[in-house]
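Worksheet: one structure, shown below.
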There are 2 protein chains.
Amino acid sequence: MEKKKNISMAVIKRLPKYYRYLSDLLKNDVDRISSKELGEKIGFTASQIRQDLNCFGDFGQQGYGYNVRELHAQISNILGIHKKYKSIIVGAGNIGQALANYSNFRDLGVEAVGIFDANPKLIGMKIRDIEIRDIDEFPEYVKNNCVDIGIICVPSRNAQTVCDELTACGIKAIWNFAPIDLTTPDDVVVENVHLSESLLTLVYLANQKHQ
Amino acid sequence: MEKKKNISMAVIKRLPKYYRYLSDLLKNDVDRISSKELGEKIGFTASQIRQDLNCFGDFGQQGYGYNVRELHAQISNILGIHKKYKSIIVGAGNIGQALANYSNFRDLGVEAVGIFDANPKLIGMKIRDIEIRDIDEFPEYVKNNCVDIGIICVPSRNAQTVCDELTACGIKAIWNFAPIDLTTPDDVVVENVHLSESLLTLVYLANQKHQ
DNA sequence: TAGATTGTTAATCGATTAACAATC
DNA sequence: TAGATTGTTAATCGATTAACAATC
């Protein structure tokens, strides 16, 4: 992370994709790759790849390209995958439970350490090795356990309240699965997963193709 | 849908958001709204909203603004929410089951009519009123049941194969939850939900804010 | 050395914002 | 009629692509 001007959101959104393709190359024991080859794989122009990477540093070598292992390490660093993060899931419905069970996030350094719900029928139930607790307990839990990320999986009518409580106890990163736009203090980042919007986009595009 | 040049993806991705905010307004019995007011709610400029809407038609009235009920109906039409769609879910793991249970998509006209998995322990199990079937049966099922949308929730190593089978039996719209980029014929549309990429974006942004 | 490929500047393209005449 | 707000054109801004000197 040598350079660092103002990275545009367009670039940031492509970083995880670079990380994924480089992880694949690494797994396949590829040593080096040029922006041209990588571009053909991902479906970007070589030019764009070089522009993107040069926002963060000079990782390549003229006449050679990029060393896969090194570039992968650099992007891991840029994304912050070298660190470990604790998350809690608020809302143990379908999506909350699915996320708690989904193990892949641990590879990205993010571990779910707590799950909370308001439904007495769910409280006490275990998902993997984590017990679902009463939703009222999460502020206390966050204070005692250095939680980095709050994952909101409650219905939209409760989402803003949960969000406010999460930020009140110091959480600075929120992954929001509720279909609303949350309001947060300036120093808090929110990443939305709006499944309904994604599905509507698909439906629109499908209708266009088929006239 | 009067006009219709080449709608940019940027505009298309905003349509579901317009739909959501207009649904809210409708629910709150708001009769009319100006691009200025709507912009303040959503966080867009008034100019952008007028530009976006004018890709599809002249829905407003000078001096008045937009009639909420009418604009909502128009956007429903543009998105294709007036029609009904049948979907099948391939892969009944955490995410597949969560999507099958999640009822909200029915409001958007999309109904899950079948779920399939390769795991014998899951086959026969019921989610809501739908029985999980053997994954080998889905091509036959698609042919007999006018399925519009294939939802891929299998592990990434199987995702391309499932995708090929879905397109082979005529599916033109794929909602992909596997963390890979699928290859499809030109007349098939794919919408990806890449949760890992979303989470990595959040982690990156959180690290930037906190230096 | 010759070939390959980078980092970076310049050119192009597209998307957003501003401005304003038209008009309800 | 006067005020408000649209639809649309023009101006600006930002992102992508192309080009090429630098250099491994």
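The sequence lines fix the lettering, A, B, ..., with proteins before strands; numbering per chain opens at 1. All values derive from a computational prediction rather than experimental measurement.
Between A:Met9 and B:Glu37, the residue anchored nearer the 5' end of DNA chain D, judged by the nucleotide with its closest heavy atom, is B:Glu37. For A:Gln51 and A:Gln62, each mapped to the nucleotide of DNA chain C holding its nearest heavy atom, the one lying further toward the 5' end belongs to A:Gln62.
Here D:dT17 presents its P atom at 16 Å from NZ of A:Lys36, a figure rounded to the nearest Å. Computed from coordinates, the B:Gln61 CD to C:dC24 C1' distance equals 6 Å when rounded to whole Å. Taking atom CG of B:Leu71 as the reference point, atom P of D:dT6 lies 11 Å away to the nearest angstrom. One atom, CD1 of B:Ile12, and another, P of C:dA15, lie 10 Å apart when rounded to the nearest Å. Here C:dG7 presents its C1' atom at 11 Å from CG of A:Leu53, a figure rounded to the nearest Å. One interatomic measurement links the two molecules: CG of A:Leu38 to P of C:dT5, which rounds to 13 Å at whole-angstrom precision. For A:Phe56 and C:dT8, the CZ to P distance is 14 Å, given to the nearest whole Å. The separation between B:Arg50 atom CZ and C:dA21 atom P is 14 Å, rounded to whole Å.
Between A:Glu197 and B:Arg20 a salt bridge is recorded (basic side-chain N to carboxylate O distance below 4.0 Å). The residues A:Glu37 and A:Lys41 are annotated as not salt-bridged, no charged nitrogen and carboxylate oxygen being separated by less than 4.0 angstrom.
Taking the six-membered ring for Trp and thresholds of 30 and 60 degrees, A:Tyr19 and A:His72 have nearly parallel ring planes, at less than 30 degrees apart.
In terms of phosphate contacts, B:Tyr66 brings a side-chain nitrogen or oxygen within less than 4.0 Å of OP1 or OP2 of D:dG7. Remark: B:Ser35 is in phosphate contact with D:dT6, judged by side-chain N or O atoms under 4.0 Å from OP1 or OP2. Phosphate contact (OP1/OP2 of D:dA15, side-chain N/O of A:Arg14, threshold under 4.0 Å): absent. Phosphate proximity of C:dT17 to B:Thr45: present, with a side-chain N or O under 4.0 Å from OP1 or OP2.
Candidate nucleotides D:dT5, C:dT16, D:dG7 were compared by shortest atom distance to the side chain of B:Asn54, and D:dG7 ranks first. Of the candidate nucleotides D:dC20, D:dG7, D:dA15, D:dG7 has the atom nearest to the side chain of B:Asp58. Comparing D:dT6, C:dT5, D:dT17 against the side chain of A:Ser34 picks out C:dT5 as the nearest.
Taking the ring axis of B:Tyr64 as reference, the NZ or CZ atom of B:Arg32 stays within 45° of it and closer than 6.0 Å to the ring centre.
When both pairing distances are held under 3.5 Å, C:dC20 makes a Watson-Crick or G-U pair with D:dG7.
Residue contacts shown for B:Ser47 include a base, since a base heavy atom lies under 4.0 Å away.
Distance check, rounded to the nearest 0.5 Å: CD of A:Glu191 to CD1 of A:Ile151 gives 12.0 Å.
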